[in-house]
Amino acid sequence: MRRRHVPVGRRILEQNIKARYHARDIGTEDALHLFDELLPYAGRSSIHAINCLLTVVGRDCPALGASLFNRVARSKVAPSSITYAILVDCCCRAGRQDLGHTAMGQVIKMGFLADAMITFSHLLKAICAENKTSYAMDILLRIMPMFNCVPDVISYNILFKGDCNEKRSQEALELIQVMVEHGGGCQPTVVSYSTVIDGLLKEGEVNKAYSLFCQMLQRGISPDVVTCSSIISGMCKLHAMDKAEEVLQQMLD
DNA sequence: TTAGGGTTAG
């Protein structure tokens, strides 16, 4: 197959953008200038560099990120599934969850299903942030599978956090047990356990939190500094100093 | 082969 010719100047610019993105060496202003420089003569190979720039701008100013997406859509460059993931995140963080849903619909329509769960996860996070975790749960358990989109552990972790923020850590605890028993390849990780343990402690459930910590150890999942900081802090606040010391000792071991 | 998603304390 013949390699498509890419102008040298454009290729250098794209490589420069990717390298600087990787080195975390692009600020929002830089990204905007680079975007203006690249877009007029961008081609098929440019979408990776454009995604880097959208990410930088969107982190700082999601509404601006979404408006840059519109400029990409009007250009010769086809947005990729990753571009849509960035867009959905920008829309949600700009307070336009409705537009996030619309963009999600576009992702499904275009058949970007392999990556759709990451795009969905931005929506799930936004829905949970509005204390509508039950609705997020419905999307995860019912809607996502309708599109052959299998939720992964990060999608579940977003829901665990949502439940805990709504003071419903018991539901998160039940869901973690469902994952263990029926999750197949999608098993809770150290982040899942840390999130739910923290939620239980914030609701005063010392014994349940400690049992879950023990289950985690039994299943061969090592606690990290987040797990331990959370447990020690939580248990001290609840005056469960004996258990806090046990956890500290396990950490030292 | 890479650009996009998850946890704590203060």
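Note: hydrogens, waters and symmetry copies are ignored here, and every other heavy atom, side chains too, is used. Letters A, B, ... mirror the listed sequences (proteins, then strands); counts begin at 1.
- When the side-chain nitrogen and oxygen atoms of A/K161 are compared with OP1 and OP2 of B/dT8, one or more of them lie within a distance under 4.0 Å.
- As rounded to whole Å, 15 Å separates atom C1' of B/dT8 from atom CG of A/L248.
- Atom pair A/I118:CD1 and B/dT2:C1' shows a separation of 12 Å (rounding to whole Å applied).
- Considering only side-chain atoms of A/T55, the nucleotide from B/dG5, B/dT8, B/dA3 that sits closest is B/dA3.
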Start with the C-alpha gap between A/I176 and A/F160, add the side-chain angles, then the distance that decides, and say whether side chain to side chain contact (heavy atoms under 4.5 Å, CB included) holds. CA-CA 8 Å; A/I176 226 173; A/F160 292 143; 3.8 Å; yes
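- Considering only the side chain of A/D224, B/dT7 comes nearest among B/dT7, B/dA9, B/dT2.
- When only modelled atom types and interatomic distance are considered, A/D198 and A/T195 share no side-chain donor-acceptor pair under 3.5 Å.
- The hydrophobic clustering, which links ILVMFWY residues whose side-chain heavy atoms are closer than 4.5 Å, places A/V226 and A/M216 apart.
- Of the candidate nucleotides B/dA3, B/dT8, B/dG5, B/dA3 has the atom lying nearest to any side-chain atom of A/C52.
- Straight-line distance from the CD1 atom of A/I232 to the C1' atom of B/dG10: 15 Å, rounded to whole Å.
- Set against B/dA3, B/dA9, B/dG5, the side chain of A/M117 has B/dG5 as its closest nucleotide.
- Listed nucleotides: B/dG5, B/dA9, B/dA3. Nearest to the side chain of A/K202: B/dA9.
- Side-chain proximity of A/T195 to B/dT7, B/dT2, B/dA9: nearest is B/dT7.
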List the steps and the verdict of side chain to side chain donor-acceptor pair (under 3.5 Å) for A/E130 and A/Y135. CA-CA 10 Å; A/E130 292 187 330; A/Y135 174 44; over 6 Å; no
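- Side-chain atoms of A/E174 and A/Q170 form a donor-acceptor pair, as typed in the model, at a separation below 3.5 Å.
- Rounding to whole angstrom units, CG of residue A/L212 and P of B/dT7 are separated by 17 Å.
- The distance from atom CD1 of A/I158 to atom P of B/dT7 is 8 Å, rounded to the nearest whole Å.
- Between the side chain of A/S194 and the base of B/dT7, at least one donor-acceptor pair of N or O atoms lies under 3.5 Å.
- Distance CD (A/Q15) to C1' (B/dT1): 14 Å, rounded to an integer number of Å.
- When the nucleotides B/dA9, B/dA3, B/dG5 are ranked by their closest atom to the side chain of A/K237, B/dA9 comes out on top.
- For the segment residues 174-192 of chain A, residues with any heavy atom less than 4.0 angstrom from an atom of DNA chain B are, sorted by number, A/T189, A/V191.
- A/K18 and A/E14 are not joined by a salt bridge, as no carboxylate oxygen comes within less than 4.0 angstrom of a charged side-chain nitrogen.
- Residue-level contact check: A/K125 touches the backbone only, with heavy atoms under 4.0 Å from sugar-phosphate atoms and none from bases.
- In terms of polar N and O atoms assigned as donor or acceptor, the side chain of A/T119 never comes within less than 3.5 Å of the base of B/dG5 in a complementary pairing.
- Listed by residue number, the members of residues 61-97 of chain A with any heavy atom below 4.0 angstrom from DNA chain B are A/I82, A/A85, A/I86.
- A/L124 has its CG atom 13 Å from the P atom of B/dT7, to the nearest Å.
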How far apart are the C-alpha atoms of A/Q177 and A/Q215, what are their side-chain angles, what is the distance that settles it, and do they pass the side chain to side chain donor-acceptor pair (under 3.5 Å) test? CA-CA 10 Å; A/Q177 305 307 354; A/Q215 184 198 88; 2.9 Å; yes
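- Contacts of A/T28 classified as side chain to side chain donor-acceptor pair (under 3.5 Å), with partners at least two apart in sequence or in another chain: A/D60.
- At a threshold of 4.5 Å between non-hydrogen side-chain atoms, the residues A/I139 and A/L123 do not count as touching.
- Under the 4.5 Å side-chain criterion, counting only non-hydrogen atoms from C-beta, A/S45 is in contact with A/R10.
- Closest to the side chain of A/H22, out of B/dG5, B/dA3, B/dA9, is B/dA3.
- No single ILVMFWY cluster, assembled from side-chain heavy atoms under 4.5 Å apart, contains both A/Y156 and A/V150.
- Counting to the nearest Å, the C1' atom of B/dA3 and the NE2 atom of A/H122 are 11 Å from each other.
- One cannot find a donor-acceptor pair under 3.5 Å joining the base of B/dT8 and the side-chain atoms of A/S230.
- Side-chain proximity of A/S229 to B/dT8, B/dG5, B/dA3: nearest is B/dT8.
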